[in-house]
Amino acid sequence: MQTIAHWLDGKAFGGTSARTAPVTNPATGAVTGQVALANQADAQAVIASAAAAFAEWRDTSLAHRTQIMFRFRELLNDRKEELAALITAEHGKVHADAMGEVSRGLEVVEFACGVPHLLKGGYTENASTKVDIFSVRQPLGPVAVISPFNFPAMVPMWFFPVAIAAGNTVVLKPSEKDPSSSLWLAELWAEAGLPAGVFNVLQGDKDAVDELLDNPAIKAVSFVGSTPIARYVYQRGTSNGKRVQALGGAKNHMVVLPDADLDLAADAAVNAGFGSAGERCMAISVVLAVDPVGDELVGKITQRAATIKTGDGTRSVDMGPLVTREHRDRVARYIEAGETAGATVALDGRSIEADGAAAGFWLGPTILDHVEPEMSVYTDEIFGPVLSVVRVGTYDDALALINANPYGNGTAIFTNDGGAARRFHYEVEVGMVGINVPIPVPMAYYSFGGWKNSLFGDSHAHGTDAVHFFTRGKAVTTRWLDPSHGGLELGFPQNK
Ligand code: NAD
């Protein structure tokens, strides 16, 4: 049985903690490794590695940093199949989906390869007589990235490429459920020539996170996970004076207007509802069917979802297992609760026959129709292959539901009416909006982030928000010619 260790100073580090957690293959139920769970001393050792490497990395020329970024990009692109296989083995998502995850992370690496341009400051000549001003953006120091189980490679890559390219050093605290991708990435960085200590991995749970939030050496925290933990991380990190962005949970609604292409909408609802077994923060979990499309739309969605093959992600299937047995059972309990509360089970995934080992954590696609807003399947983030359909009378009813929801990560509208689409993206209180696009994940050069309880802080991930988040501005006012200022003058300087 393999032990999954920390990574510091360019090599694996076992730490001193005796605590470990089992890592399972969700498609077989087998325990495949034990991940180290850091104690405070382990966390301090990893943070110290990042702190010690900062001064030299910050001094490294932009040209050299960029060359390392390009080398990392090439290695990742050449070997992405390996990383995808690791993701499938610990997360369970099917291979094609894991490849998609790596590709979206790779796009952020490619964005970060342009860092010399992104870090350019401004210069103003003769702002006052013979006085010039320029601005620069400087790195913060060691920064922490704390990531969730559902994207063990992509979510860390939303942050660390830009952080490193901008001259910071990084401590990545991955999810303890699928921690191996982080070590694979650490080894790849070493191969790309990144100096030891610039990218470090701290394995663990709350104890590791708390040290990252409290340790004064850590200057910024990028967190992604569930809303209660995001709120906690934001509050504790900012109260310690750190810069924090904490992305939380989601409940993404898809509105289908009567004029929409219902085949397109049904394909989109199924792809976005059941891809990655619904374990995506941008999964569609609620379809708002605007009268009178409900019956026809539910028919089309159910017909399609019934053809999904659930099974071991290494085989030729569409949807893998859920991440743990506990999570599988929790999602199944939501289906029971919805049924008891009066929702119609249009498709039941609880009795699925999966193409995989009997001990895998299986749950097939499930569609609950006639869901009401007070039911727990509507109010809670389920994070599984359960699509709820709420019937609404009008566009305004649909909009009111979305805007009243405490989450605001992603949403979509399906319509052929440009005016309705324009109204929707103007009026909806959600951070990422799709028009006839069900999972509107922005490209790397735009920023990713939700509103309300889906994000604490004011910076989104990647894009120019990331450049801003991982640097701080400095304005320098200079006078080299004619330095006299007319002798002593205690008044506040006025520009002439
Ligand atoms: P989680 O909140 O359980 O865990 C996230 C991270 O926090 C992990 O590294 C975990 O070790 C750590 N953690 C867990 N409990 C903690 C505690 N009590 N104190 C300190 N740290 C703790 O989330 P998860 O189950 O791994 O991931 C799924 C959640 O992430 C969903 O809610 C999903 O919507 C959300 N998510 C959001 C986005 C987004 O962009 N908004 C993206 C991906 C996932």
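A quick note: this is a predicted structure, and the numbers were derived from the prediction, not measured. Atoms within a ligand are numbered from 1 in the order they appear, just like the ligands themselves. Heavy-atom basis, side chains included; hydrogens, waters and symmetry copies ignored.
- Taking a cut-off of under 4.0 Å to the non-hydrogen atoms of S147, the atoms of ligand 1 that pass are 6 (C), 8 (C), 9 (O).
- Some N or O of K173 is nearer than 3.5 Å to an N or O of ligand 1, by distance alone.
- The closest protein non-hydrogen atom to atom 19 (N) of ligand 1 is K206 CG, 3.4 Å.
- For atom 35 (C) of ligand 1, the nearest protein heavy atom (residue, atom name, distance) is G225 O, 3.1 Å.
- Taking every heavy atom of E381 and a limit of under 4.0 angstrom, the matching atoms of ligand 1 come to 31 (C), 32 (O), 33 (C), 34 (O).
- Atom 16 (C) of ligand 1 has as its closest protein heavy atom I229 CD1, 3.6 Å.
- The distance criterion of under 3.5 Å between nitrogen or oxygen atoms is not met by Y232 with respect to ligand 1.
- Between F223 and Y234, the gap from one ring centroid to the other reaches at least 6.0 Å.
- The shortest N or O to N or O distance between F149 and ligand 1 is under 3.5 Å.
- Under a 4.0 Å criterion applied to the non-hydrogen atoms of N150, ligand 1 contributes the atoms 43 (C), 44 (C).
- Defined by atom type and a distance below 3.5 Å, a donor-acceptor pair is present between the side-chain atoms of N39 and T16.
- Side-chain contact check for E81 versus H95: some heavy-atom pair is nearer than 4.5 Å.
- Ligand-side atoms of ligand 1 in range of F383: 28 (C), 31 (C), 33 (C), 34 (O), range being under 4.0 angstrom from any heavy atom.
- The single protein non-hydrogen atom nearest to atom 40 (O) of ligand 1 is F448 CE2, 3.0 Å, given as residue, atom name and distance.
- Not a single heavy atom of G450 sits closer than 4.0 Å to an atom of ligand 1.
- Between H91 and F149, the ring centre distance stays below 6.0 Å.
- Ligand 1 lies nowhere less than 4.0 angstrom from a heavy atom belonging to Y407.
- Close approach to I146 involves these atoms of ligand 1, each under 4.0 Å from a residue heavy atom: 9 (O).
- Nearest to atom 38 (C) of ligand 1 by heavy-atom distance, out of G431, G410, C281, is C281.
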Residues 239-246, side-chain donor-acceptor partners within the protein, below 3.5 Å, at least two apart:
from, atom 1, to, atom 2, distance (Å)
S239, OG, Q235, O, 3.3
S239, OG, R236, O, 3.0
N240, ND2, L213, O, 2.8
N240, ND2, D214, OD1, 2.9
N240, ND2, R236, O, 3.3
K242, NZ, N215, O, 2.6
K242, NZ, I218, O, 2.8
R243, NH1, H468, O, 3.2
R243, NH1, F469, O, 2.8
R243, NH1, T471, O, 2.8
Q245, OE1, S222, OG, 2.8
Q245, NE2, S459, O, 3.0
Q245, NE2, H460, O, 3.3

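- For the 3.5 Å distance criterion, the side chains of T32 and N25 fail to qualify, holding no donor opposite an acceptor.
- Atom 7 (O) of ligand 1 has its closest protein heavy atom at F223 CE1, 3.3 Å.
- By the 4.0 Å N-to-carboxylate-O rule, R280 lies close enough to D97 to be salt-bridged with it.
- Judged by distance alone, the side chains of Y407 and H253 never bring a donor and an acceptor atom under 3.5 Å apart.
- Close contacts between ligand 1 and W158 involve ligand atoms 40 (O) [criterion: under 4.0 Å to a heavy atom].
- Geometrically, ligand 1 and V224 share no nitrogen or oxygen pair separated by less than 3.5 Å.
- A salt bridge is defined here as a Lys NZ or Arg NE, NH1 or NH2 lying under 4.0 Å from an Asp or Glu carboxylate O, and K93 with E101 meets this definition.
- Contact check on E187 versus R79 returns no salt bridge, with no Lys/Arg side-chain nitrogen under 4.0 Å from an Asp/Glu carboxylate oxygen.
- Using a cutoff of 4.0 Å between basic side-chain nitrogens and carboxylate oxygens, K309 and D355 are not scored as salt-bridged.
- At the top of the distance list for atom 27 (O) of ligand 1, counting protein heavy atoms only, stands P148 CB, 3.2 Å.
- Summarising the local packing, CZ of R472 is surrounded by 12 or fewer heavy atoms from other residues, nucleotides or ligands at distances under 6.0 Å.
- Of all protein heavy atoms, the one lying nearest to atom 21 (N) of ligand 1 is V209 CG2, 3.4 Å.
- Two residues are said to be in side-chain contact when any heavy atoms from C-beta on lie closer than 4.5 Å; V430 and N409 fail this criterion.
- For atom 4 (O) of ligand 1, no protein heavy-atom neighbour is present inside the 4.0 Å cut-off.
- A heavy-atom separation below 4.0 Å is not found between F151 and ligand 1.
- The G249 neighbourhood of ligand 1 comprises atoms 32 (O), 34 (O), with distances under 4.0 Å to a heavy atom of that residue.
- At under 3.5 Å, a nitrogen or oxygen of S226, whether backbone or side chain, sits near a nitrogen or oxygen of ligand 1.
- In this structure, atom 41 (N) of ligand 1 lies nearest to the protein heavy atom G248 O, 2.7 Å.
- Near N409, the atoms of ligand 1 lying under 4.0 angstrom from a non-hydrogen atom of the residue are 41 (N).
- F13 and W7 have their aromatic ring centers separated by at least 6.0 angstrom.
- Neither the backbone nor the side chain of M282 comes within contact range of ligand 1; no heavy atom lies under 4.0 Å.
- Here the options are I435, V255, L264, the test is side chain to side chain contact (heavy atoms under 4.5 Å, CB included), and the partner is F414; only L264 passes.
- Between E336 and R333 no salt bridge is recorded (no basic side-chain N to carboxylate O distance below 4.0 Å).
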